[in-house]
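Every chain is numbered from 1 and lettered A, B, ... according to where its sequence line falls, protein lines coming before strand lines.
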Amino acid sequence: AQKITQTQPGMFVQEKEAVTLDCTYDTSDPSYGLFWYKQPSSGEMIFLIYQGSYDQQNATEGRYSLNFQKARKSANLVISASQLGDSAMYFCAMREGLIRRSSYKLIFGSGTRLLVRP
Amino acid sequence: IAGITQAPTSQILAAGRRMTLRCTQDMRHNAMYWYRQDLGLGLRLIHYSNTAGTTGKGEVPDGYSVSRANTDDFPLTLASAVPSQTSVYFCASRRTGDNEQFFGPGTRLTVL
């Protein structure tokens, strides 16, 4: 079974508008972490934001926020005020077993390609 | 060096040949990882190392081996390359206690 599902292969957004990229996950572990990475056309992987399963507040980092709905097992990324430089692939990832310190493996979704229109 | 470097940047390799992808980090991170990225599949973990001297298998370890003789270096070896190993390979590292993994620029490998 897929652990991380990103159902939007591609999305468009108008510059300066907000956009939500969907991510659902599947785990039976009570402690886990959720990540979003950005991959521009140059190929590097850039860390954007992290949410722990026990965090009370939704994570925010500048224009990025993570809409964490634990009961629904979703961790959607919201980008506010989109910029042309936001055009990239976006990957959602999960790390299970936060308490088991030997396990820091990331499981990635298949990604969403975002194109920001001027 | 700043961060993670990978070499080579790209390589075309004949099937059956042996190949080592190099990864070096200067951040003194204890944990290091190797992923492969294929179209439509995101990144998949090949092998990892929580600290120098230890390694572990990830999601897709077959056909690959790693070693971790010191903190800085984490080479990935393909003993006998096959076309299905054509991919982009990313090395990553993480500081103990942190959640974020830092990624290298990647190596694009084509096996013919």
Side-chain angles (χ1 to χ4, degrees), chain A residues 1-10 21 23-25 31-55 59 61 64 66 75 88-113, chain B residues 2-10 23 25 27 29-51 53-61 66 68 74 87-109:
Chain A
Q2 266 191 316
K3 295 255 185 180
I4 296 285
T5 302
Q6 294 181 253
T7 57
Q8 306 152 313
L21 306 184
C23 173
T24 57
Y25 58 92
S31 66
Y32 51 91
L34 297 156
F35 302 75
W36 277 93
Y37 280 84
K38 172 184 178 181
Q39 186 178 42
S41 57
S42 51
E44 71 268 33
M45 295 288 289
I46 302 167
F47 167 77
L48 294 178
I49 198 166
Y50 168 79
Q51 177 88 42
S53 59
Y54 294 121
D55 293 343
E61 289 286 348
Y64 304 108
L66 201 152
M89 280 289 287
Y90 288 83
F91 291 96
C92 180
M94 176 175 66
R95 179 169 77 79
E96 294 176 300
L98 293 182
I99 296 174
R100 299 195 305 272
R101 294 190 179 276
S102 64
S103 173
Y104 274 85
K105 294 173 265 190
L106 288 181
I107 303 166
F108 283 82
S110 56
T112 295
R113 183 172 297 281
Chain B
I4 300 178
T5 58
Q6 293 185 235
T9 302
S10 65
C23 174
Q25 51 103 0
M27 299 176 283
H29 287 175
N30 279 327
M32 296 187 75
Y33 309 84
W34 274 106
Y35 294 89
R36 60 177 289 173
Q37 183 179 24
D38 303 294
L39 276 174
L41 293 177
L43 279 76
R44 293 180 293 168
L45 182 66
I46 304 171
H47 285 287
Y48 67 96
S49 169
N50 286 329
T51 189
T54 69
T55 62
K57 293 182 179 180
E59 184 183 355
V60 288
V66 291
R68 188 85 185 278
F74 191 41
S87 189
V88 179
Y89 291 85
F90 286 97
C91 179
S93 73
R94 182 185 58 81
R95 185 172 60 186
T96 302
D98 286 355
N99 290 300
E100 179 184 352
Q101 291 186 18
F102 291 88
F103 283 79
T107 293
R108 184 175 296 275
L109 181 67

**Student:** Quick test of your reading: applying salt bridge (Lys or Arg N to Asp or Glu O under 4.0 Å), list the pairs with at least one residue in residues 37-55 of chain A, sequence neighbours left out, ordered by first then second residue.
**Tutor:**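 Listed by first then second residue: nothing to list.
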**Student:** Given that the side chain runs from C-beta out, which part of A:I46 has a heavy atom under 4.5 Å from chain B: side chain, backbone, both or neither?
**Tutor:**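 For A:I46, no heavy atom lies under 4.5 Å from chain B.
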**Student:** Does B:R108, at its CZ atom, have more than 12 non-hydrogen atoms belonging to other residues, nucleotides or ligands within less than 6.0 Å?
**Tutor:**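 No - once you tally the heavy atoms of other residues, nucleotides and ligands closer than 6.0 Å, there are 12 at most.
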**Student:** Rounded at 0.5 Å granularity, tell me how far CE in A:M94 sits from OH in A:Y32.
**Tutor:**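 Result: 8.5 Å between the selected atoms.
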**Student:** Are B:F102 and B:Q25 close enough that some pair of their side-chain heavy atoms sits under 4.5 Å apart?
**Tutor:**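 No - every pair of side-chain heavy atoms lies 4.5 Å or more apart.
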**Student:** Picking from B:Q37, B:Q101, B:E59, which has the most non-hydrogen pairs under 4.5 angstrom with chain A?
**Tutor:**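 Top option by heavy-atom pairs under 4.5 Å: B:Q101.
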**Student:** With only heavy atoms counted, which part of A:Q6 is less than 4.5 Å from chain B, the side chain, the backbone, both or neither?
**Tutor:**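 Answer is neither: A:Q6 stays 4.5 Å or more from chain B.
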